[in-house]
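In what follows, a single structure is set out as structure tokens and then discussed.
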Amino acid sequence: MRVVEAFRGAFGADPETVWHAPGRVNLIGEHTDYNDGFVLPFAVPWGVTTAVSRRADSTIRLLSLQAPGDPLTLTSHDQATGWSRYVVGVLDLLGDRVRGADIAVDGDIPQGAGLSSSAALEVSVASALNDLYDLGMTPMEVALLGQKAENDFVGMPCGIMDQAASALCEEGKALFLDCRSLGSRTIPLDLASHGLRILIIDTQVHHEHAGGEYAKRRAECESAARKLGVPALRDVTDLAGALDLLQGVERRRTMHVVTENHRVEALVGLLRAGAVTEIGALLNASHLSLRDQYEVSSPELDVAVEAAVRGGARGARMTGGGFGGSAIALVAEDRLRSVQDSVTSAYAERGFQPPRFLPATPARGAHRLS
Ligand code: GLA
């Protein structure tokens, strides 16, 4: 394994443990997690592998195969910058329960595709330390630790979806998660026997303002919930009545969150019934809602979704936080070529840089490699 060789080269010994944690795509349930709602992500076949050993002192030595140069040596947590904040954030939260560590990480998640490489890094490191120090954390506790590292140490106010997907997903399945109770169930996602695939369309564009817009959406939802007198938008049962009490942006955000939660439940119902071919309409409706009510899409994502459907996809939507990143399309195997051609030529017509296509097969969540 490449990361073990790099570890040995940098630190002169074998790592005590090696863990892998994947990135994710979200099938449906977007911007619902921080509204205490429902999500349905699945893990992708790419992720972050972490090799780690304990140290007797409190020094952290960190090597990333994606960041050339010598290992970073940190003697205090506030020395962390850039990618190392995701790792040091995890160590910081573990406090006295861990000492220093030698850590090497290797990731193969396509960069900038919005497939949650940061959650994979947090969960990979936290899982390895959990194992190494026998901390007894459950996969959900590992996910919550990763989320807290990102919220408090990195300063990104994300919900729990990405870390939960990375920690809890199972091969061939999607993860139906209630982001309030944190109860979850895996739902078989049997695409192949229906002759279907989920195609990731990576726009290769990430808009700079995404972080600020994300925090703004969160604040708008919290403000709407306060006006409606409910703990979170998840609790809105009378949508029409709620919309009468709100205006403008808060009305649109509420409309999205409430209908998106219903779409997650409807999609889960279809999957349970074995009707995976029928989920396309829900994907399309989710995209329109994210574009028009939640306003987190981008021209590249809209063109990808429209061209995929025109090329024969059964449904498509942006996935993840938005403002760039990736869309997903549900495509019959014999339409893969025409869907890709349709998106590629639509991008060329508009002068967008060419998109990248990746096949998404539901993969296994965090696990130990050695
Ligand atoms: C990002 C966040 C998640 C979630 C999605 C939108 O990926 O990290 O917590 O809010 O956006 O669904």
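Every value quoted in this text rests on a predicted model; they were computed, and no experiment measured them. Whatever order the structure lists them in is the order used to number ligands and atoms, beginning at 1. One-based numbering along the sequence shown.
Note that the CG atom of L243 and the CZ atom of R251 stand 5.0 Å from one another [nearest 0.5 Å]. Of the inter-residue distances, the one linking M255 atom CE with Q293 atom CD reads 5.0 Å to the nearest 0.5 angstrom.
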Would Y34 and Y214 satisfy ring-ring contact (aromatic ring centres under 6.0 Å, His included), going step by step from the backbone distance to the final call? CA-CA 11 Å; Y34 52 81; Y214 185 93; 5.3 Å; yes
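The pair E295-R217 does not meet the salt-bridge criterion, since no charged nitrogen lies less than 4.0 angstrom from a carboxylate oxygen. Salt bridge D102/R55: present, at least one basic N to carboxylate O contact under 4.0 Å.
The contact set between ligand 1 and Y34, taken as ligand atoms under 4.0 Å from a residue heavy atom, comprises 10 (O). Per-residue contacts place C158 under 4.0 angstrom from the following atoms of ligand 1 (heavy atoms of the residue considered): 2 (C), 8 (O), 9 (O). Against a heavy-atom cut-off of under 4.0 Å, G159 is close to the following atoms of ligand 1: 9 (O).
At a heavy-atom distance under 4.0 Å, only side-chain atoms of R24, from C-beta outward, approach ligand 1.
Exactly one residue among I279, L199, L27 makes a side-chain contact (heavy atoms from CB on, under 4.5 Å) with L330. That residue is I279.
When hydrogens are left out, the protein atom nearest atom 10 (O) of ligand 1 is Y214 OH, 2.6 Å; that is the closest non-hydrogen contact. At the shortest separation from atom 8 (O) of ligand 1 among protein heavy atoms lies D162 OD2, 2.7 Å. For atom 5 (C) of ligand 1, the closest non-hydrogen atom of the protein is M161 CE, 3.8 Å.
The closest approach between a heavy atom of D33 and any atom of ligand 1 is below 4.0 Å.
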